[in-house]
Amino acid sequence: VDMVFVPIAGAIGIVVILGAVALRWLAWRRTGFSLDGNRILIRSGWWRRRILILPIRRIQSIDLSQSFIGRWFGIAGITFGVAGGTGLSIHRIPALSEEAARNLRGQLLEHIE
């Protein structure tokens with residue numbers, strides 16, 4: 001019985017892991033941003049497309065973050081703290097090259113000052 005069910009369970013596990021990696025890759029490929037005058041546009045999603053418009057004057061904090069593995073590959077993310085609504089809202093642009101993340105953060109800090 002084990003000879004039949006263990007390979008099937010292993011194959012299902014591999015398919016699930018590969019599916020999760022593929023979905024994550026699709027989400028990463030479909031994420032983008034654009035600096036448009038006095039606002040930043042963040043596009044995300046592959047199944048349910050979403051465009052987020054953040055007025056630069058509402059941004060209160062810009063944090064650059066890297067995970068342990070991200071440092072190996074030179075990948076960073078930017079997190080924005082935006083005033084409005086019911087409190088401080090958090091928005092994020094994940095998986096940028098470290099140089100692009102630093103450049104974007106610098107450009108936004110120039111606009112805020």
Side-chain angles (χ1 to χ4, degrees):
V1 174
D2 283 343
M3 298 286 287
V4 173
F5 290 113
V6 171
I8 292 173
I12 290 172
I14 289 173
V15 168
V16 167
I17 289 171
L18 289 177
V21 168
L23 290 176
R24 201 59 215 134
W25 182 80
L26 279 172
W28 173 73
R29 291 289 299 158
R30 297 295 180 191
T31 300
F33 69 92
S34 175
L35 205 55
D36 182 28
N38 60 354
R39 62 189 181 168
I40 185 166
L41 307 168
I42 302 171
R43 183 197 70 207
S44 62
W46 64 274
W47 182 260
R48 188 182 65 160
R49 301 289 295 188
R50 175 179 150 179
I51 296 178
L52 179 67
I53 302 171
L54 298 176
I56 293 176
R57 69 181 188 285
R58 292 291 198 86
I59 296 175
Q60 292 186 341
S61 66
I62 305 170
D63 299 323
L64 187 75
S65 61
Q66 283 184 301
S67 68
F68 175 70
I69 295 172
R71 280 192 293 262
W72 283 355
F73 295 107
I75 296 172
I78 295 183
T79 304
F80 302 100
V82 181
T86 59
L88 187 68
S89 299
I90 304 291
H91 302 288
R92 184 167 163 75
I93 301 175
L96 297 171
S97 70
E98 185 176 355
E99 181 181 343
R102 289 189 189 280
N103 288 339
L104 178 60
R105 184 175 186 264
Q107 287 177 349
L108 291 172
L109 288 174
E110 286 176 9
H111 282 285
I112 290 173
E113 295 171 351

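Here the structure is a predicted model, which is why all the values come from computation and not from measurement. Positions are given from 1 along the sequence.
The two residues Ile56 and Ile40 come nearest to each other via the heavy atoms CG1-N, 4.3 Å. A pairwise comparison of heavy atoms in Gly81 and Ile90 identifies CA-CD1, 4.5 Å as the closest pair. For His111 against Gly37, the heavy-atom pair with the smallest separation is CE1-O, 3.8 Å.
A distance of 10.5 Å separates OG1 in Thr31 from CG in Leu26, rounded to the nearest 0.5 Å. Going from atom CZ of Arg57 over to atom CG of Asn38 covers 7.0 Å, rounded to the nearest 0.5 Å. Atoms CG and CD1, on Leu109 and Ile62 in that order, are 4.5 Å from each other to the nearest 0.5 Å. One finds the CZ atom of Phe80 at 5.0 Å from the CG atom of Leu104 (value rounded to the nearest 0.5 Å). Interatomic distance, CZ of Arg50 versus CD1 of Ile42, reported as 8.0 Å (0.5 Å rounding). Interatomic distance, CG of Leu23 versus CG of Leu18, reported as 11.0 Å (0.5 Å rounding).
For Ile51, the CD1 atom counts as loosely surrounded, since its 6.0 Å shell holds 12 or fewer non-hydrogen atoms of other residues, nucleotides or ligands. Atom CZ of Arg24 is surrounded by 12 or fewer heavy atoms from other residues, nucleotides or ligands within 6.0 Å. The environment of CZ in Arg29 is sparse: at most 12 heavy-atom neighbours from other residues, nucleotides or ligands sit within 6.0 Å. Counting non-hydrogen atoms of other residues, nucleotides and ligands closer than 6.0 Å to CD1 of Ile69 gives a total of 12 or fewer.
The cluster map of Ile, Leu, Val, Met, Phe, Trp and Tyr, joined by side-chain heavy atoms under 4.5 Å apart, puts Ile59 and Leu64 in the same cluster.
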Which donor-acceptor pairs under 3.5 Å do side chains of residues 91-102 form with protein atoms, sequence neighbours excluded?
residue	atom	partner	partner atom	Å
Arg92	NH1	Ser65	OG	3.2
Arg92	NH1	Thr79	OG1	3.2
Ser97	OG	Ala100	N	3.2
Glu98	OE1	Gln66	NE2	3.4
Glu98	OE2	Arg102	NE	3.4
Glu98	OE2	Arg102	NH2	3.1

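Listed by chain and residue number, nothing satisfies the salt bridge (Lys or Arg N to Asp or Glu O under 4.0 Å) test with Arg71 (two or more places apart in sequence, or in another chain).
Judged purely by atom type and a 3.5 angstrom limit, Arg58 uses its side chain to pair as donor or acceptor with the backbone of Ala83.
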Practice prompt. Mind running side chain to side chain contact (heavy atoms under 4.5 Å, CB included) on Leu108 and Leu35 for me, showing each step along the way?
Written response: CA-CA 9 Å; Leu108 291 172; Leu35 205 55; 3.4 Å; yes
